Amino acid sequence: MPESVPVPVPAHASAASEPLLTVGGVTAAGAAVLSLLVAFGLPVSADQQTALLGLVAVLAPLVVAVLARSRVYSPATVADLLARRR
């Protein structure tokens, strides 16, 4: 008898269901950390602060995409997994 292969089951994940909230959260966290550092005396000019916030705004979607990719399933994969369970 062949060994059974475990079939992954898609799980509900906030990053998969609400990716914009996650991107917004990462961006807001980056901005908050920068503001906190400036408030505690980090010598950053206004131009440097704008550049850092721009960097956070660009990197946040990329970080979320990499982290959320493992939690997202295509409709074809879900249909295939459900068909195997029957």
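Computed from a predicted model, the values in this text were never measured in an experiment.
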Problem set entry | Euclidean distance, Ser35 OG relative to Leu52 CG, rounded to 0.5 Å |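 Spacing of CG (Leu52) from OG (Ser35) equals 11.0 Å.
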
For this session: Would you mind reporting whether Leu34 and Leu53 have side-chain heavy atoms less than 4.5 Å apart?
Result: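 When only atoms from C-beta onward are counted, Leu34 and Leu53 do touch, with a gap below 4.5 Å.
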
For this session: Mind listing the closest non-hydrogen atom pair of Thr27 and Ala60 along with its distance?
Result: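 Closest approach of Thr27 to Ala60, heavy atoms only: OG1-CB, 3.2 Å.
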
Exercise. Cluster question for you: counting only ILVMFWY and a side-chain heavy-atom cut-off of under 4.5 Å, with indirect links fine, are Val33 and Val44 together?
Worked result: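 Yes.
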
